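The structure appears below as structure tokens.
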Amino acid sequence: MAFDIEMIKKVYARYPERIEAARKAVGRPLTLTEKILYAHLSEGAASQTYGRGVSYVDFQPDRVAMQDATAQMALLQFMQAGKSQVAVPSTVHCDHLIQAEVGADQDLTKAKDKNKEVYDFLASVSNKYGLGFWKPGAGIIHQVVLENYSFPGGMMIGTDSHTPNAGGLGMVAIGVGGADACDVMAGLPWELKFPKLIGIKLTGKLSGWTSAKDVILKVAGILTVKGGTGAIVEYFGDGARSLSATGKGTICNMGAEIGATTSIFGYDEKSAAYLSSTERADVAELANGIAEHLTGDEEVYANPATYFDEVIEINLSELEPHVNGPFTPDLAWPISKFAAAVKENGWPAKLEVGLIGSCTNSSYEDISRAASLAQQAVDKKLVAKSEFTITPGSEQVRFTVDRDGFLDTFGQMGGVVLANACGPCIGQWARHGAEKQEKNSIITSFNRNFAKRADGNPNTHSFVASPEIVTALAIAGDLTFNPMTDSLINEDGVSVMLDEPSGLELPAKGFAVEDAGYQQPAEDGSGVTIVVSPTSDRLQLLDSFKPWEGTDLKGLKLLIKAKGKCTTDHISMAGPWLRYRGHLDNISNNMLIGAVNSYTDATNSVKNQLTGVYGEVPATQRDYKANGVGSIVVGDENYGEGSSREHAAMEPRFLGVRAILVKSFARIHETNLKKQGMLGLTFANPADYDLVQEDDSIDIIGLTTFAPGKQLQVVLNHADGSSDTIQVNHTYNEGQIEWFKAGSALNLIKAKA
């Protein structure tokens, strides 16, 4: 279960030489991000320098981490790669398939029974190929990784978009699709476009009601959900050093909501304290030995505008608590302005449920500060007006906060402790009454709040805040309540105010746990048998995708022209569909059912050009596939934002969609499309989106001379006999073009193996 100290020694051993060479190569001081990236260049790329946001670069990550929903497809792909063991330390974490309904014990028992086939598969594959396996109930992947595997200056990829949580300990940790994880586990370099850099200087110090969560809520309001696309966000300054390691993790975690490749803080005394508290003092000792390399050069932070592509400064002493939402995580409201916004916009002021925890905010510090408010509610005779749930991030955190009495305090307030799992944050919430589709409000300390995400109800107005603000508003039961200025009437009819929250960054008695929930893999997995039933509706062995036929693509039918926001939740919903994450055929029945048809404003209803009849998107596409007809999907800005789930790319590929043409892509989704042999294209002129008509037959011209930087042509053949020819862009490099020609990146891996 422990980190690999020998691996960390090897990583640190190359730091001084690599970083000095990088300084000479670029001729200037380096940011922390650049130091880590240059230290992790693959051997074949180590002598090169790269332009930010321009060049694709090969890296060699130190670790891979996968959650159970995405690990199924990643490991099904790895099984095809012809390898006997994973090439780098890798882990699987069972956190996504546990549905919140009643409470921790009952929900976990139900999940173990319901998902036994999947858990057994993941455990056996992990045992065979040398992966560490974290059992259901052990905790949420990002919290477990922070507690056990993150280390300053390391590089990790994970099959979850909130993998950047590990940046709280100074690790470049990036969310990817399962195909990327498969590559790294197979020992191949991992490719990334060399990112742009956004520097965020933090000054001052947090106090009172303000927490680390408010930093990223503020940043999300500044940069929006796409402002960090193609960039790594590096935090620095005295304010950064004042934050706890887990607070930094919170900020990095939710950096996924601004589209950032990852976010990172430098190594400091808070990092060392957390490492020591989580029984990794030897890692802190190693990090102390190269501390100068685990932060940016002094000249960089003295003159950040010279070294970063964009610089933002935030004074923590002046920062207000924020509430973001509804329906998008970048609609940021300072608490002093939130009540007015609720009234002016007609959002339901009555708060139905407050939910704290999740991978973003489930640290000891978070729980202790929220518990201080719960204790006040008990002491001041305040009865919580809203339902209230607590999701611990790991069994270690749960055991420790239980030992220290915090869970009892929440219970006295009326709170319900859920399993150590993702739960409501990803739609795994059997919320009673949600099916009525009633207009209501909830507030969470999670990271995402897209419509229908938490409970499937499009009329649930979901807001995001810190655990402290969530707890205070749950006590009040009113979104217009400002705990910094407003009072409440208690059971005795007395007006009382909540005092500022208080808590501890780390437990005074240290962390404790009886059973962390870890399974060590077999030293020799050659004798381990993996069985997948051919009649299973949960798991399905993969067949290879067909290679490109060597011609331009002509006569493609328009499957759907998606309007507005089209996230991976719209393309491949979670919630009840999580059960099919290991069965590509079954989960493909959710393909694009949440996307809005631009011609009708309806969801899951498109015109079948073969019949002229409107039908469900997956059924229409299956009809095209059965008749040997290719299709194309057209989308709007930032297509595919949100989760890293590669199913959103694999499902269209599996059902016969040949290309996705959009105004712009979210980073992870674009890469996932490329990995699966799909064409991911963007309009050279975004206004050409309006030229696409519902009955179009579409040609993609120029594939026989497909080359990096060379535009392709798309011909829109309209039903009236007219046509429009437009230019489209792509970001494929030579290696990615080979993926397309081979049918997928995995096809190339198998060929080499």
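None of the values given here were measured: they were computed from a predicted structure. Computed over heavy atoms, backbone and side chain alike; hydrogens, waters and symmetry mates excluded.
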Query raised in the report: Can you list the steps and then say if Lys675 with Asp183 is a salt bridge (Lys or Arg N to Asp or Glu O under 4.0 Å)?
Result: CA-CA 10 Å; Lys675 287 280 184 177; Asp183 286 359; 2.3 Å; yes

Minimum heavy-atom distance between [X] and [Y], given as atom pair plus value:
X	Y	answer
Ser263	Cys252	O-SG, 3.5 Å
Pro329	Phe450	CD-CE2, 3.7 Å
Trp333	Gly325	NE1-O, 3.1 Å
Arg645	Asp569	NH1-OD1, 2.8 Å
Ser358	Phe446	CB-CD2, 3.3 Å
Ala649	Gln676	CB-CG, 4.3 Å

For [X] and [Y], I'd like to know if the aromatic rings sit close, meaning centre-to-centre distance below 6.0 Å.
X	Y	result
Phe194	Tyr38	yes
Phe308	Phe236	yes
Phe706	Phe740	yes
Phe338	Phe463	yes

Report task. Under the salt bridge (Lys or Arg N to Asp or Glu O under 4.0 Å) rule, what do Asp297 and Arg23 come out as? Steps first, then yes or no, please. Result -> CA-CA 10 Å; Asp297 289 336; Arg23 273 203 202 96; 2.9 Å; yes

Is it the case that [X] and [Y] place a side-chain donor and acceptor less than 3.5 Å from each other?
X	Y	answer
Gln67	His162	no
Lys193	Thr261	no
Asp688	Gln727	no
Asn253	Asn447	yes
Gln143	Ser394	no
Ser244	Glu365	yes
Thr70	Glu646	no
Tyr301	Glu234	yes

Has [X] got a side-chain atom pairing as donor or acceptor with [Y]'s backbone, closer than 3.5 angstrom?
X	Y	answer
Glu34	Thr31	yes
Asp214	Ser211	yes
Ser276	Ala273	no
Arg63	Val88	no
Gln736	Asn733	yes
Ser362	Cys359	no
Arg448	Ile426	no
Asn288	Ala284	yes

Requested in this report: Might you work through the side chain to side chain donor-acceptor pair (under 3.5 Å) test for Thr246 and Glu505, ending with a clear yes or no?
Outcome: CA-CA 8 Å; Thr246 51; Glu505 292 182 9; over 6 Å; no

Query raised in the report: Where do Asp636 and Val662 land on the side chain to side chain contact (heavy atoms under 4.5 Å, CB included) test, with the steps shown first?
Result: CA-CA 5 Å; Asp636 215 318; Val662 300; over 6 Å; no

Could you check whether any side-chain heavy atom of [X] comes within less than 4.5 Å of a side-chain heavy atom of [Y], counting everything from C-beta outward?
X	Y	result
Leu286	Phe151	no
Glu310	Leu223	yes
Leu37	Met155	yes
Met185	Met66	yes
Thr682	Val728	no
Lys270	Arg241	no
Asn324	Asp330	no
His40	Gln60	no

Report task. Anything under 30° is parallel, anything over 60° is perpendicular, the rest tilted; go ahead and classify Tyr12 against Tyr15. Result ->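 If you compare the ring of Tyr12 with that of Tyr15, the planes turn out perpendicular.
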
**Report entry** side chain to side chain donor-acceptor pair (under 3.5 Å) assessment of Thr91 paired with His93
**Finding:** CA-CA 7 Å; Thr91 50; His93 304 258; 2.9 Å; yes

Going from [atom1] on [X] to [atom2] on [Y], what distance comes out if it is rounded to the nearest 0.5 angstrom?
X	Y	atom1	atom2	result
Thr203	Leu319	OG1	CG	10.0 Å
His142	Ser161	NE2	OG	7.0 Å
Ile290	Tyr267	CD1	OH	9.5 Å

Any chance [atom1] of [X] has more than 12 other-residue heavy atoms, nucleotides or ligands included, within less than 6.0 Å?
X	atom1	value
Lys663	NZ	yes
Lys218	NZ	no
Glu298	CD	no
Glu299	CD	yes

May I ask you to decide whether [X] forms a salt bridge with [Y], counting only side-chain N to carboxylate O separations under 4.0 Å?
X	Y	value
Lys226	Glu641	no
Asp366	Lys213	no
Lys10	Asp62	no

**Report entry** Intermediate values then yes/no, side chain to side chain contact (heavy atoms under 4.5 Å, CB included), Leu202 and Phe265
**Finding:** CA-CA 11 Å; Leu202 301 181; Phe265 285 80; 4.2 Å; yes

Requested in this report: Step by step, work out the side chain to side chain donor-acceptor pair (under 3.5 Å) result for Asp58 and Trp190.
Outcome: CA-CA 5 Å; Asp58 284 344; Trp190 173 67; over 6 Å; no

Query - Steps toward side chain to side chain contact (heavy atoms under 4.5 Å, CB included) verdict (Thr567, Lys565) - result: CA-CA 6 Å; Thr567 71; Lys565 187 182 285 289; 3.6 Å; yes

Query - salt bridge (Lys or Arg N to Asp or Glu O under 4.0 Å) between Lys248 and Asp268, intermediate numbers included - result: CA-CA 12 Å; Lys248 292 169 185 171; Asp268 57 25; 2.5 Å; yes

Query raised in the report: After noting the C-alpha distance and the side-chain angles of Met156 and Tyr149, does the key distance pass the side chain to side chain contact (heavy atoms under 4.5 Å, CB included) rule?
Result: CA-CA 10 Å; Met156 176 178 71; Tyr149 301 119; 5.6 Å; no

